[in-house]
Amino acid sequence: MSEASVTAIVLAGGSGSRMGLSTPKQALDLLGEPVLAYSLRLFASFDFVEHIVVVLGDPSAYPDLSGYCQGTSLAIAKGGPTRQASVAEGLVCLAEGTGAVMVHDSARPLVSAGLVERLYGALDDHVDGVVPVLAEGDALKEVSSGMVLASRSKSGLFRVQTPQLFDKEPLQDALARSMAEGHGAEDCSEMLLSSGYRVRAVEGDRLNVKITFPEDLIICEQILRSRDAR
Ligand code: CTP
Ligand code: MG
């Protein structure tokens, strides 16, 4: 069980091109608040999260975000051209004394306290990082030019979510190596694996939806409404 103090890096440096809107998705309104606000407020509610770094494409386009962080110290970094580069910019702003780094996509506003606790509880001396995964439910097909070419087994395949929690040095080392070698990575665990680090998988959360396409925002609204109705 970790006792490390955590810096949370909240990534909001993307343009949200698959949403097809001029406003990036992290700034869109979700039941009266920007998408980005939800994860900031949740991370700030944990005592072990001592510092939050928000990585923004254009910091001048955002109002003051400290109101969402309930007194937890906040730094703003300017994002890079890729997610990986934005993580690197966030890592420049770690708090002194940080033992572990929680990297989160602001495009997942419904991240829950239970998931954050599960990750923190699973970061022990046997591993360098912990990520949430979900078993794939649908049958998988390889499709090209509108034709189904082959079936792929879903056995052993999982979807990975954020937040992802890593010990500080392995994350810094893995990121520096993959950038030096020019390896892109869709998530941080990919970089740790290529550098030979150990990453544990814990159960993710099916309600921790990532906003990628316009329909995902509607799904998030409905999940929040059903929570409020309970
Ligand atoms: N991200 C980032 N910097 C980048 C690219 C992405 O900080 N240069 C962040 C996004 O803001 C998002 C997360 O990484 O919170 C996951 O990326 P994704 O869902 O791909 O978001 P976008 O890149 O913004 O969307 P798209 O790929 O559709 O353009
Ligand atoms: Mg992207």
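All ligand and atom numbering here is 1-based and tracks the order in the structure. These values consider heavy atoms only, across backbone and side chains, with no hydrogens, waters or symmetry-generated copies.
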In the protein, what heavy atom is nearest to [atom], and what distance, to one decimal place, separates them?
atom                    : value
atom 17 (O) of ligand 1 : Lys210 CE, 4.4 Å
atom 20 (O) of ligand 1 : Arg18 NH2, 3.0 Å
atom 21 (O) of ligand 1 : Lys25 NZ, 3.1 Å
atom 7 (O) of ligand 1  : Gly13 N, 2.8 Å
atom 1 (N) of ligand 1  : Gly14 N, 3.4 Å
atom 3 (N) of ligand 1  : Ser86 OG, 2.7 Å
atom 12 (C) of ligand 1 : Leu11 O, 4.0 Å

Legend entry - side-chain contact (heavy atoms from CB on, under 4.5 Å) partner of Val101, the single match among Leu165, Val6, Leu91: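 Of the listed options, the one satisfying the test is Leu91.
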With a 4.0 Å heavy-atom cut-off (strictly under), which part of [X] contacts ligand 1: side chain, backbone, both or neither?
X     : answer
Met19 : neither
Thr82 : backbone
Ala85 : neither
Ser17 : both

Is it the case that more than 12 heavy atoms not belonging to [X] sit under 6.0 Å from its [atom1] atom?
X      : atom1 : answer
Asp228 : CG    : yes
Glu221 : CD    : yes
Glu181 : CD    : yes

Inset, instruction - Could you tell me whether Arg159 and Glu136 have a side-chain N and a carboxylate O separated by less than 4.0 Å? - result: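 The answer is yes: the pair qualifies as a salt bridge.
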Show the atoms of ligand 1 that are less than 4.0 angstrom away from any heavy atom in [X].
X      : result
Pro81  : 8 (N)
Ser15  : 24 (O), 29 (O)
Ser106 : 15 (O)

Inset, instruction - Taking Gln26 for its side chain and Gly14 for its backbone only, find out whether a donor-acceptor pair lies under 3.5 Å. - result: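 Judged by distance alone, yes, a pair lies under 3.5 Å.
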Inset, instruction - From the options Ala107, Pro109, Gly80, select the one whose nearest heavy atom is closest to atom 8 (N) of ligand 1. - result: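 The nearest heavy atom belongs to Gly80.
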Inset, instruction - In sequence, state the C-alpha distance, the side-chain angles, and the governing distance for Leu134 and Phe158, and then conclude on side chain to side chain contact (heavy atoms under 4.5 Å, CB included). - result: CA-CA 5 Å; Leu134 292 175; Phe158 291 77; 5.8 Å; no
Legend entry - Any donor-acceptor N or O pair under 3.5 Å, side chains Tyr197, Asp167: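 No, because no side-chain N or O of Tyr197 sits under 3.5 Å from a partner of the opposite role on Asp167.
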Legend entry - Between CD on residue Glu142 and CE on residue Met147, distance to nearest 0.5 Å: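 Rounded to the nearest 0.5 Å, the CD-CE separation comes out at 13.0 Å.
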Inset, instruction - Measure the spacing between CG of Asp173 and OG of Ser195 and express it to the nearest 0.5 Å. - result: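 So the gap between those two atoms works out to 5.5 Å.
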Inset, instruction - Measure the distances from the heavy atoms of Gly16 to every atom of ligand 1 and state whether one is below 4.0 angstrom. - result: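 Checking ligand 1 against Gly16, which is what was asked, there is a heavy-atom contact under 4.0 Å.
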